[in-house]
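Structure record follows, encoded as structure tokens.
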Amino acid sequence: MEIPAKYDPSSCEDKWYKYWLEKDYFSSTPDGREPYTIVIPPPNVTGVLHMGHMLNNTIQDVLVRRARMKGYNTCWVPGTDHASIATEAKVVQKLKDEGIEKNSLTREEFLAHAWEWKEKHGGIILEQLKKLGASCDWKRTTFTMDNHMSESVIKVFVDLHKKGLIYRGVRMVNWDTVALTALSDEEVIHQEVQSKLYYLRYKIEGSQEYLVVATTRPETILGDTALCLNPNDSRYTHLHGKRVIVPLVGRSIPIITDEYVDIEFGTGALKVTPAHDVNDYMLGEKYNLEVIDIFNDNGTINDKVGLYVGMDRAVCRDVIAKDLAEASLLDKVEDYTNKVGLSERTNSVIEPKLSMQWFLKMEELAKPALDSVMSDEVALVPAKFKNTYRHWMENVKDWCVSRQLWWGQQIPAYYLPEGGFVVGETPEEALAAAKEKTGNDSLTIQDLRQDEDVLDTWFSSWLWPISVFDGIRNPENEEINYYYPTNDLVTAPEILFFWVARMIIAGHEYRKEIPFKSVYLTGIVRDKQRRKMSKSLGNSPNPLDLIAKYGADSVRMAMMMCSGAGNDLMFDESLIEQGRNFGNKIWNSFRLIKGWECKDMEQLDSSKLAIEWFNESLNKNITEIESAFAQYRISEALTLLYRLFWDEFSGWYLEMIKPAYGEPIDSKSYEATIDIFEKLLHLIHPFMPFITEELWHFIGDRKDGESLMISAMPAPAEHNAVVISDVEQMKEIVSSIRNIRKEKGLPTRELLELYVVSSDTALFNKYTPLLLKMASLAKVELVNEKPAAPASSFLVKTSEFYLPLGESIDVEKEIEKLTEELNYLTGFLKSVDKKLSNERFVASAPADIVEREKAKQVDAESKIASLTEQISVLRN
RNA sequence: GGGAGUAUAGCUCAGCUGGUUCAGAGCAUCUGCCUUACAAGCAGAGGGUCCUUGGUUCGAAUCCAUGUACUCCCACCA
């Protein structure tokens with residue numbers, strides 16, 4: 001078969017991906033084999049592939065492909081997340097661009113638009129994953145708002161409500177004034193901003209005195225219902241129990257005292273606005289203060305107070321400051337840096353707001369989930385995340401599960417005409433419950449009003465590993481029993497709590513079992529300057545462009561080369577070049593092998609030795625790769641492979657076995673080489689699926705339906721360490737000879753003679769054929785003494801080597817070289833002697849360590865003797 | 001403020017149970033090679049106060065403490 005001179009990824013990748021799909025290699029159904037399951041962290045349905053996805057999914061594909069080749073029934077479940085806030089924001093924006101306001105639409109109309117958008121743009125990202133080579137079972141593609149998924153979510157909500165774990169309550173929530181929804185704490189990003197600290201003057205009632213209070217938010221005076229002082233603040237003792245007048249507003253409010261107030265900050269006086277600050281809210285609860293909410297949902301001032309009505313809060317701040325100044329109620333303004341919460345989705349300033357929300361009690365649910373991680377039943381990789389996880393789980397807060405959006409699972413709570421509510425999986429079920437609750441049999445579904453809110457997106461994703469196998473609705477079905485618990489979860493540490501912890505909780509609650517055995521936490525993909533990759537910085541390359549330019553294999557290699565678990569990775573395009581170069585190396589190695597003419601003839605001794613050695617080395621490396629994978633050191637496994645292929649196989653083995661130009665190779669060696677090459681392809685395949693598949697098909701005539709991706713991974717086997725270390729010694733000798741050639745400017749092909757003084761005659765008797773070939777020698781002769789002719793020499797272990805080079809020997813230079821080595825060894829010996837003459841070392845160090853030192857001593861001494869002799873001979 | 005982590009070659013990082021795996025790898029740099037698989041290559045070379053200062057130990061890159069710098073998470077002093 002003709003092999004193209006260059007590897008062309010683009011045609012190859014499409015060809016093989018199509019082949020794999022046609023042969024249905026990705027799909028899985030339960031059978032007698034042991035399963036290996038991964039559920040994809042579902043990307044946002046409207047998302048577009050970025051470098052983080054590349055990393056994440058490459059890791060998953062490597063794990064999945066490897067497991068498949070190791071004989072597991074592998075199932076990688078793909079899917080997308082409805083991402084209520086993000087998607088709804090996109091749809092709202094799109095409608096706005098078309099001149100349609102969301103609030104001009106009914107819920108049904110809006111959802112129709114949203115679904116239309118989803119059908120059109122949803123799942124692009126999954127198509128993109130195919131370009132990467134992802135071997136997902138696409139038939140299982142699931143969307144978190146598919147009917148059966150939504151049913152599972154609703155069922156769980158109803159169940160938790162029945163168990164008394166769901167409650168409604170007024171809580172301070174993070175209000176997004178643009179998206180008009182509450183956000184979870186995790187969706188709020190705190191950012192430092194330059195702002196101002198305003199010093200406001202509150203007049204003491206019945207006195208001419210003013211109390212000055214520092215605040216960053218003067219507009220909230222409209223909602224002030226108390227001033228708070230620290231009881232231990234001696235400056236203000238005389239004010240305890242008095243009242244003050246809120247500036248501009250004129251309302252009289254009490255002065256209260258609480259140790260919460262920091263005496264050092266500002267003036268030591270705090271204005272309390274329970275409706276608009278979390279801490280103030282707590283004070284409000286403690287002292288039973290009035291709560292005045294002064295904002296509309298969109299962040300404008302409402303009409304509760306009758307001032308600044310309809311004005312935006314940001315505008316209002318400046319206007320109020322001006323009005324205060326004019327009324328001489330503004331003492332001063334200082335520059336001040338403080339932290340402001342911003343919405344992760346809309347980037348608007350979060351407003352703490354009191355609102356009626358649905359909550360899930362977390363304390364009891366979290367306990368088993370904490371235990372499974374602390375006991376390593378669920379292993380976090382790297383383990384350092386255990387601490388963070390514990391900290392969070394021990395301080396877990398109730399989960400606000402409601403969102404004021406339309407895109408998502410609508411909360412299955414139904415309000416009754418006369419107040420109160422019932423919960424049911426369907427309107428019919430709710431109606432039945434309502435009839436029972438009210439005793440009113442004439443109620444109809446139309447009388448019930450379903451709660452407007454939808455559930456937090458995470459409230460569906462926390463069921464993901466269960467619901468994709470329909471384990472909520474049909475807890476005893478074959479699939480869930482076979483695939484669950486899944487094996488590995490690969491995700492970003494940022495969502496350890498949002499998602500991972502909650503999946504573990506859901507696993508315990510609904511399967512009495514953990515959802516996965518280990519969680520591989522990836523790092524964040526950053527650019528060379530350590531900046532996070534983001535659209536706004538424009539430093540994030542488009543992965544598809546990279547794939548088009550370098551091929552998917554190269555990009556996969558790049559992702560895996562720089563990614564230790566949990567470490568951020570500095571991504572740079574040069575890494576992809578390195579990946580591409582590696583592919584090129586593999587390609588060309590194969591071209592070399594395939595170019596050989598094969599003949600039935602006697603096998604050369606050098607080839608026998610090379611094959612023996614490489615197979616040992618291969619076994620050793622397979623064992624090491626195995627252990628690296630077992631510890632999820634995937635990048636390390638790849639490095640091992642890279643070196644095995646490039647240095648050991650291409651650099652040494654192929655040179656050892658390569659026939660002289662124009663000469664044929666014996667068929668035995670050829671077969672052995674093909675066998676080795678094929679094993680290497682197997683090992684590389686999970687990382688570089690396309691090029692390996694292509695070459696595997698070039699190796700022999702494969703039948704239709706055969707594929708590298710479904711053939712068996714070479715198993716780890718014992719290796720002979722002596723053979724490996726012997727050959728290492730030979731490689732060192734070869735390198736030394738190459739060095740001498742280089743120093744002397746001798747052409748590679750000029751044959752030299754090598755004389756060896758060594759006690760290990762067996763070693764040299766065995767490996768002489770290899771030395772002859774690799775170092776271009778005319779002969780290797782074991783001698784008892786160094787040859788008389790002037791020779792260049794070197795030492796490897798305790799053997800001496802001489803290359804008589806006649807005229808070209810520069811005696812002075814030789815002496816210099818030998819002296820340098822002698823000096824080094826003398827110093828080395830000195831340090832060893834010192835150690836050995838230290839009684840405390842000999843007494844307390846373990847015996848084997850002492851033995852090793854003694855061996856070093858003997859070794860150095862003999863080398864020194866030999867060098868000294870050589871120098872003195874040269875001197876004469 | 002609370003918690004966690006990191007600091008090793010120009011860059012990215014290994015270095016696991018303290019001792020020949022002890023100062024390493026890849027990339028980058030430099031030198032020499034258009035040696036018929038591969039210049040996306042081959043053969044070599046240079047390059048480090050293992051962040052500081054102490055301590056433990058016969059022995060420390062490795063363990064402990066302190067300081068410094070950076071990173072992340074949590075909480076938010078108005």
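Naming: A, B, ... by sequence-line order, numbering from 1 per chain.
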Is the phosphate of [N] approached by [X] (side-chain N or O, under 4.0 Å from OP1 or OP2)?
X        : N     : answer
A:Tyr642 : B:A25 : no
A:Trp646 : B:C42 : yes
A:Arg633 : B:G15 : yes
A:Lys585 : B:A37 : no

Exercise for review: Taking side-chain contact (heavy atoms from CB on, under 4.5 Å) as the test, write out the residues that go with A:Leu575, two or more places apart.
Suggested key: A:Ala558, A:Cys562, A:Gln578
**Study point:** Summary of protein contacts for nucleotides 3-12 of chain B, nucleotide by nucleotide, where a base hit scores B, a sugar-phosphate-only hit scores S (4.0 Å, heavy atoms)
**Key:** -SS------S
Review point. Under a 4.0 Å heavy-atom cut-off, which of residues 212-220 of chain A touch RNA chain B?
Key: A:Ala214, A:Thr215, A:Thr216
Study note, to complete from the structure: The correct list of stems in which RNA chain B takes part (3 or more consecutive Watson-Crick or G-U pairs, distances under 3.5 Å) is B:1-7 with B:68-74, B:10-13 with B:24-27, B:29-33 with B:41-45, B:53-55 with B:63-65
Exercise for review: Would you indicate what A:Asp848 reaches in the nucleic acid, counting non-hydrogen atoms under 4.0 angstrom: base, sugar-phosphate, or nothing?
Suggested key: nothing
Review point. Is A:Asn395 touching bases, backbone alone, or none of the nucleic acid, heavy atoms closer than 4.0 Å?
Key: nothing
Which atoms of nucleotides 58-60 of chain B (N or O only) lie under 3.5 Å from a protein N or O atom, and what are those distances?
| residue | atom | partner | partner atom | Å |
| --- | --- | --- | --- | --- |
| B:C58 | O2' | A:Asn838 | ND2 | 2.9 |

Exercise for review: Return each pair, listed once, that meets side-chain hydrogen bond (donor to acceptor under 3.5 Å, both in side chains) where at least one residue sits in residues 845-862 of chain A; pairs must be two or more places apart or across chains.
Suggested key: A:Asp833-A:Gln857, A:Glu853-A:Lys856
